[in-house]
Every structure is written in structure tokens, then in C-alpha cells.
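First the structure, in the form of C-alpha cells, and then the observations on it.
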Amino acid sequence: MRLNTLKRISQFFYEKSNLKVAILCTAIFGAYLVLVMTQQAIGFEIPDSDVKSLGMTFGFEESDILAFFQARTDEMVFAYINFNLIWDTIFALIYGIMYTVWLSVLLKTSAGKFGIINLIPFLQVIFDWLENYSLGYLAEQYLINGTITPYIAKLSSYFVMIKWVCSGLTYFVIILGIAFLFVRLFKKK
């Protein structure tokens, strides 16, 4: 049942994706990143800080999370919670759709061979969401009692690392798709 659902979603993206849709998705991605994400991050960023957001690092320790929260005011931690639970959650969906559309465009001529590989970006989305909600939970917990749950902290770190591995996998498949595109172009000539 679930595999059939994934196949239908994959097929939908293969059928509806084209270069115009991919460019439109990329424009939406860029606009959201510049106009929304950067503006929302201002509420919790500390100038000249090494860590702008925990989700941008490749893993972290409980002490890193505590240091991140301790360096910020309560208002900044609230801004971080909103950033994770609202704005970054939307951003993950936007980039997931954009990358899926691009993969669908690049792999469309061999969709039967590649199957649901065009849905790989949604793995990154899922782990980004898990990261967002676990970090939001830790931030709320910190505001209540000044501590965080070590288990959730470790879990958040794993979610971040898996998200970045999925991101690398997405880029690898995009590069592979571009390579297949060039091979098809040279075969036609």
C-alpha cells in the first residue's frame, strides 16, 4: 500500500515536472530564503557567532545546545523556536519540492528505470522536520527550567546529521541526473 502511494507521488512529479516548473520552484526557493529565512533568523542570531543555528552544523553535543541557548535572551530563544517550528518547516517543504522537481526533470526519460529515486529529497525534509521539532522542544524545555533532556539532545544531533547525509545524497543524484542528461545529448549527436 505505502509503496504504491510512493510510486503514485513519484509518477505525479515525473508527469508534472518540466524546466519551467523547476525554474519557478527555484525562484520561490531563492525568494523564500532571502526574504523570509534571513529575516526570521535575525531574531536569534548573534553577530560574529560561530554557530548561527544548530541545524546548520553537522551534529552537536548537549553542551553545544546549552551554550547556544545560554548565549541568547529569552526573546531570542522564542524567536529560535518560531524559526524552527514555522519558517524552517515551510522552507524544508519548499526545497524538498524544488529538488524533487529538478530530479524529475533530469530523470524523466528514464523514469521507469529510476523509479521513486526522484523522491529522495523528501528524506531530507523528514529529518529536517524531526530536527526542527526536537530543537523546538529543547528550546521550550530550556525556557521552562534551564535544562534540556540529554536523550532528546542526542536525538536532535542524529536528526541533523542524517539530514545532511540525505542532502549529500540528493546532490549526488542531481549530479548523476546531469551526467545522464549529457550522455543522452551526446548519444543523439
Side-chain angles (χ1 to χ4, degrees), residues 1-43 45 52-59 82-136 156 158-189:
M1 173 83 176
R2 291 182 186 184
L3 185 58
N4 285 335
T5 302
L6 289 176
K7 285 180 181 178
R8 281 192 304 243
I9 294 168
S10 173
Q11 191 59 38
F12 170 82
F13 276 101
Y14 281 125
E15 289 172 6
K16 302 298 180 184
S17 297
N18 58 49
L19 191 57
K20 287 180 186 176
V21 172
I23 291 170
L24 175 63
C25 288
T26 304
I28 291 168
F29 165 85
Y32 190 85
L33 180 64
V34 171
L35 301 174
V36 177
M37 293 293 282
T38 56
Q39 294 304 307
Q40 293 301 319
I42 291 171
E45 284 185 349
K52 301 285 186 195
S53 176
L54 292 167
M56 295 304 294
T57 63
F58 189 80
N82 286 334
F83 180 83
N84 279 299
L85 300 183
I86 299 169
W87 308 111
D88 196 33
T89 299
I90 295 168
F91 183 62
L93 187 59
I94 290 170
Y95 73 64
I97 291 170
M98 178 193 70
Y99 288 139
T100 299
V101 167
W102 275 110
L103 282 175
S104 299
V105 169
L106 292 170
L107 304 175
K108 184 181 272 195
T109 58
S110 302
K113 187 163 109 177
F114 289 109
I116 63 171
I117 199 169
N118 64 329
L119 299 181
I120 283 177
F122 286 115
L123 288 174
Q124 182 181 354
V125 171
I126 290 166
F127 284 101
D128 199 344
W129 285 348
L130 290 169
E131 163 212 319
N132 290 341
Y133 290 109
S134 61
L135 287 173
S156 296
Y158 290 148
F159 291 151
V160 170
M161 289 187 281
I162 295 169
K163 172 189 79 171
W164 287 115
V165 168
C166 291
S167 176
L169 182 60
T170 296
Y171 283 112
F172 174 76
V173 176
I174 288 172
I175 291 167
L176 198 63
I178 292 169
F180 284 127
L181 179 68
F182 281 121
V183 167
R184 284 193 311 270
L185 289 174
F186 286 123
K187 280 186 177 180
K188 286 182 181 179
K189 291 182 180 185

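Counting begins at 1 with the first residue of the sequence. Everything numeric here is computed off the predicted structure, so don't read it as measured data.
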4.5 Å side-chain heavy-atom contact, Leu24 and Lys20:
no
Which atom pair, heavy atoms only, marks the closest approach of Ile9 to Leu119?
CG2-CD2, 3.9 Å
Would you say that Cys25 contacts Val21 through its side chain, given a criterion of any heavy-atom pair below 4.5 Å between the two side chains?
yes
What pair of heavy atoms forms the shortest contact from Leu106 to Ile174, and how long is it?
CD1-O, 3.7 Å
Do you see a donor-acceptor pair shorter than 3.5 Å between the side chains of Thr5 and Arg2?
no
Got a sec, which residues hit ring-ring contact (aromatic ring centres under 6.0 Å, His included) with Tyr171, two or more places apart in sequence or on another chain?
Tyr99
Can you check whether Ile94 reaches Leu33 side chain to side chain, under 4.5 Å on heavy atoms?
no
Roughly how far apart are Ser10 OG and Phe122 CZ, rounded to 0.5 Å?
10.5 Å
Indicate yes or no: at least one non-hydrogen side-chain atom of Leu103 is less than 4.5 angstrom from one of Ile117.
no
Should Arg8 and Phe12 be marked as a side chain to side chain contact (heavy atoms under 4.5 Å, CB included) after you check the CA-CA gap, both sets of side-chain angles, and the distance that decides it?
CA-CA 6 Å; Arg8 281 192 304 243; Phe12 170 82; over 6 Å; no
Interatomic distance, Leu85 atom CG to Ile90 atom CD1 [nearest 0.5 angstrom]:
11.0 Å
How long is the gap from OG1 on Thr170 to CG on Leu123, to the nearest 0.5 Å?
7.5 Å
Any side-chain heavy atom of Leu135 sitting closer than 4.5 Å to one from Phe159?
no
Are Asp128 and Asp88 packed together at the side-chain level, in the sense that at least one heavy-atom pair is separated by less than 4.5 angstrom?
yes
Can you measure from OH (Tyr14) to CG (Asn118) and round to the nearest 0.5 angstrom?
3.5 Å
In terms of the angle between their ring planes, are Phe29 and Phe91 parallel, tilted or perpendicular, with boundaries placed at 30° and 60°?
parallel
Under 3.5 Å donor-acceptor, Ser134 side chain and Glu131 backbone
yes
Look up atom CH2 in Trp164 and atom CE in Met56, then write down how far apart they are to the nearest 0.5 Å.
4.5 Å
Got a second to check how far Trp102's CH2 is from Leu107's CG, nearest 0.5 Å?
12.5 Å
With heavy-atom distances below 4.5 Å as the criterion, would you say the side chains of Ser110 and Phe180 are in contact?
no
Only one of Trp129, Phe127, Phe58 passes side chain to side chain contact (heavy atoms under 4.5 Å, CB included) with Lys163, and that residue is Phe127
For Thr38, does its backbone N or O pair with a side-chain atom of Trp87 as donor and acceptor, under 3.5 Å?
no
Tyr133 side chain to Asn84 main-chain N or O, any donor-acceptor pair under 3.5 Å?
no
